[in-house]
Amino acid sequence: MDNIYLLMIIALAVLAVADLVVGVSNDAVNFLNSAIGSKAVSFKTIMIVASVGVAVGAVFSSGMMEVARKGIFNPHEFMFSEIMIIFMAVMITDILLLDFFNSVGMPTSTTVSIVFELLGASVAMSLIKIGHDGGSFTDLVNYINTSKAAEIIFGILLSVVVAFSIGAAVQWVARLMLSYNFEKKANWVGALFGGMALTSITYFIFIKGLKGMAFADDPIAMLNGATTNEFLDNQVILILLSSLVLWTLFSYLLITVVKANIYKLVILVGTFALALAFAGNDLVNFIGVPIAGWLSYTTWAASGLPAETFSMGFLADKVATPTYLLVGAGLIMVATLWFSSKAKAVVKTSLDLSSQGETKERFQPNFLSRSFVRFAVLGSQMSAYVLPTSWQAKIDKQFEIPVYNLNKDKTYELPAFDLVRAAVNLMVAAVLISVATSMKLPLSTTYVTFMVAMGSSLADRAWGAESAVYRVAGVLNVIGGWFVTAFIAFVAAAIIAYLLNWNVNVMVPVLLLFAGVLLVRNYISHNKKSKELKAEDSLTRAESSSIQGVIHESTNNIANVIKRGNRIYTNAINGLAKQDLSLLKKNKKQVVKLGNEIDELRDNIFYFIKNLDESSVAASNFYINVLGYLQDIIQSLEYISKVSHKHVNNNHKKLKFSQIKELKEVDARFERLFQNTKAAFDSRSFEEIGEILSRKKEITDMVTQKIHKQVERTRTEESSPKNTTLYFSILLETKDLLNATMNLLEEYHNAHDSSVEPATVPDPEE
């Protein structure tokens with residue numbers, strides 16, 4: 001039996017390393033979001049600063065480990081055998097849950113995960129003990145630290161509302177004072193902002209850093225016998241005022257003498273501070289349970305008592321975590337920060353939702369998002385009636401976004417938001433976490449930083465009429481995911497704890513194997529998707545201002561659509577011939593993906609036309625027509641794919657051999673058409689398009705002939721109405737597909753001027 005506990009300790013150590021990796025992948029958004037979104041400095045510099053912050057914060061996180069030992073349950077009520085089951089259930093659940101959220105690119109809270117996993121597993125074990133002893137449900141309060149658990153849960157939920165509200169309020173005031181032309185404001189304005197921001201961030205570093213150090217509770221002579229913690233608690237006002245004066249003067253000197261950008265300094269310091277806070281506050285979420293398990297194991301092994309009778313009451317005592325474990329954890333976190341692709345996906349979700357400009361909206365509007373937006377619009381209209389017109393005009397002027405002309409450098413991508421909003425995000429998050437820490441209130445750094453970013457986005461008018469319903473829907477999806485996290489964490493940990501208690505010798509290896517298989521499967525699936533995204537040709541926006549430039553810029557798009565369209569059409573016919581439902585289902589997804597990319601190009605028409613010179617308006621007509629024909633092509637492919645999938649999915653009769661043969665003949669002819677078209681666009685041999693156009697009648701006649709054959713079959717031998725309908729539908733839509741393709745080719749053939757060569761022809765392989 002002792003061997004199983006040794007196996008559990010080894011498993012906890014391995015799970016701790018894996019949990020560090022998946023945890024950092026999710027929580028990196030907390031401290032990278034503002035710096036990356038504002039492009040304050042290079043990505044490499046941001047990562048170096050964040051890495052230092054994570055490493056320092058990890059070393060200072062010793063005091064936070066108590067949450068895992070006694071924050072949720074009363075340790076003296078459990079025996080060693082029971083506490084190990086709780087810890088194993090928590091770690092298995094945690095790593096699988098966080099890895100799932102990372103895979104879908106959604107930020108969630110590692111704090112909420114660990115709290116509800118501990119709660120679920122300990123409640124399950126408590127109920128098992130109560131049932132075994134013949135007690136009642138009310139005895140549960142003896143096992144669970146209900147007051148602390150309620151305090152943690154309430155603090156986490158309250159932080160969501162407070163962070164959003166304060167983030168919005170501070171950003172609105174900051175923008176009102178600084179506007180978007182903040183760099184042209186008087187030096188004292190920037191110095192005052194820098195002083196306030198740096199004061200809040202550095203005090204935050206003291207609260208989160210010094211208070212976690214080992215010597216913070218030791219009396220110090222120079223402080224008249226008080227400890228560092230007592231001094232920080234008693235001299236808050238003095239420290240803040242002194243820091244404000246010092247940092248304001250420092251900021252003024254930097255601006256006037258060194259000519260430095262104070263906002264960039266605030267962002268760098270803030271990134272370091274939040275990275276430090278993340279490691280100091282959230283490290284317990286990853287290694288707190290394994291360390292508590294290791295401590296329990298060594299203490300039990302030294303006692304010589306049976307596992308079923310050895311009480312865990314000693315876990316209530318304060319125990320410092322060995323520094324070498326913290327350093328090792330910090331190194332793993334830093335390595336993950338640099339190499340995790342999932343971390344980048346989670347950061348992207350947050351940036352997309354807070355972006356000032358147009359982005360690809362990931363989330364679809366829903367009833368709640370539309371209702372919130374309508375309510376906000378009504379509120380805005382009411383404030384317009386209340387405020388004098390002159391005041392409203394002045395406020396609107398401060399929120400007026402400058403127009404950037406990027407014609408000279410189309411490779412440059414605008415930041416998601418400016419330096420002011422990035423600085424506000426970091427400053428407000430730092431203050432809120434500092435206050436909560438000083439009051440010993442637990443909170444989720446993910447919730448705070450995410451909601452501050454969303455609140456500042458709202459106040460900064462980043463959620464305009466064009467994007468508000470999508471952004472609000474995204475925020476609601478993320479918040480909904482947080483509640484789902486709590487529920488799943490509680491239930492899953494409780495179930496795993498029950499299974500482990502049922503037969504610990506069997507279930508430990510079985511559940512570990514199950515967790516390992518799922519993690520490897522998710523890793524392989526994520527890598528596969530990443531490679532597919534890189535390998536798959538995607539459509540690119542046209543940016544030239546002349547018709548010849550647009551022709552040559554868009555050739556890769558046409559070749560791409562033709563290649564993928566050819567594959568979609570062939571897969572639909574093959575799926576019908578083989579009754580292959582999985583192929584047809586996958587084909588439908590490919591059509592939707594291609595359709596979404598064409599929709600994105602259509603959505604870009606406004607910006608394309610705005611970029612044109614007055615003398616080049618003809619390019620817009622050409623581009624609009626091309627996109628229209630691409631839309632017609634995708635609609636035909638979508639219909640063919642949909643009816644084919646529906647037919648097989650409904651288990652209707654298989655098409656006759658003669659029908660399959662004729663469809664294969666049509667497919668083979670279209671294959672040649674698509675290949676020749678792709679070759680013409682790949683090589684930019686627009687003269688060959690005329691030869692392809694000359695074959696239109698030949699292909700049309702072929703399809704018409706197949707339709708006539710089916711008419712004859714229907715009159716004499718066909719007995720399936722569904723087959724007849726499907727066959728006619730595919731052939732008629734094939735004629736529409738042919739017409740759309742030929743119209744597209746005619747547009748290029750008529751518009752191309754062979755005497756004009758493009759300035760540069762991009763290499764498709766690059």
Side-chain angles (χ1 to χ4, degrees), residues 19-64 98 102 107 109-111 163 197-198 200-213 264-287 326-340 342-344 346-347 350-351 422-434 436-437 443-450 452-453:
D19 209 28
L20 279 169
V21 173
V22 296
V24 173
S25 297
N26 193 280
D27 280 6
V29 64
N30 298 349
F31 48 89
L32 294 179
N33 178 47
S34 295
I36 292 176
S38 64
K39 296 190 174 183
V41 291
S42 69
F43 181 76
K44 186 176 180 180
T45 303
I46 293 169
M47 293 297 286
I48 291 172
V49 170
S51 299
V52 174
V54 167
V56 174
V59 177
F60 292 160
S61 64
S62 175
M64 297 299 295
L98 292 181
N102 291 347
S109 170
T110 52
T111 305
L198 291 172
S200 61
I201 292 170
T202 50
Y203 181 69
F204 163 78
I205 293 174
F206 278 110
I207 290 293
K208 294 300 296 180
L210 288 181
K211 295 189 78 169
M213 293 178 71
K264 291 184 178 181
L265 177 64
V266 169
I267 291 168
L268 282 177
V269 176
T271 299
F272 169 83
L274 282 185
L276 179 146
F278 153 71
N281 189 77
D282 289 5
L283 187 57
V284 63
N285 303 338
F286 315 132
I287 67 171
L326 298 176
V327 171
L331 292 175
I332 294 172
M333 294 163 83
V334 170
T336 303
L337 196 61
W338 280 89
F339 300 111
S340 173
K342 291 185 178 181
K344 297 178 178 66
V346 179
V347 170
S350 183
L351 289 180
V424 167
N425 287 346
L426 293 164
M427 176 175 63
V428 174
V431 169
L432 291 177
I433 297 172
S434 300
T437 303
L443 81 169
S444 165
T445 52
T446 301
Y447 288 10
V448 170
T449 52
F450 181 82
V452 166

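Keep in mind that what you see is a predicted model, and the values were worked out from it rather than measured.
Here Ala35 pairs with Ile46, Ile267, Thr271 under the side-chain contact (heavy atoms from CB on, under 4.5 Å) rule; sequence neighbours left out. Take Ile332 and apply the side-chain contact (heavy atoms from CB on, under 4.5 Å) test, not counting sequence neighbours, and it matches Val17, Leu20, Val21, Thr336.
With rounding to the nearest 0.5 Å, the separation of CG in Leu274 from OG in Ser34 is 7.5 Å.
When all heavy atoms of Ala197 and Met427 are compared, the pair lying nearest together is CA-SD, 3.3 Å. Ile201 approaches Gly270 most closely through the heavy-atom pair CD1-CA, 3.7 Å. Taking every heavy atom of both residues into account, Val49 and Leu268 meet most closely at CG1-O, 3.4 Å. Of all non-hydrogen atoms in Ala275 and Ala50, the two that sit nearest each other are CB-O, 3.4 Å.
In this structure, Val266 and Leu198 have side chains that are in contact, with non-hydrogen atoms separated by less than 4.5 Å.
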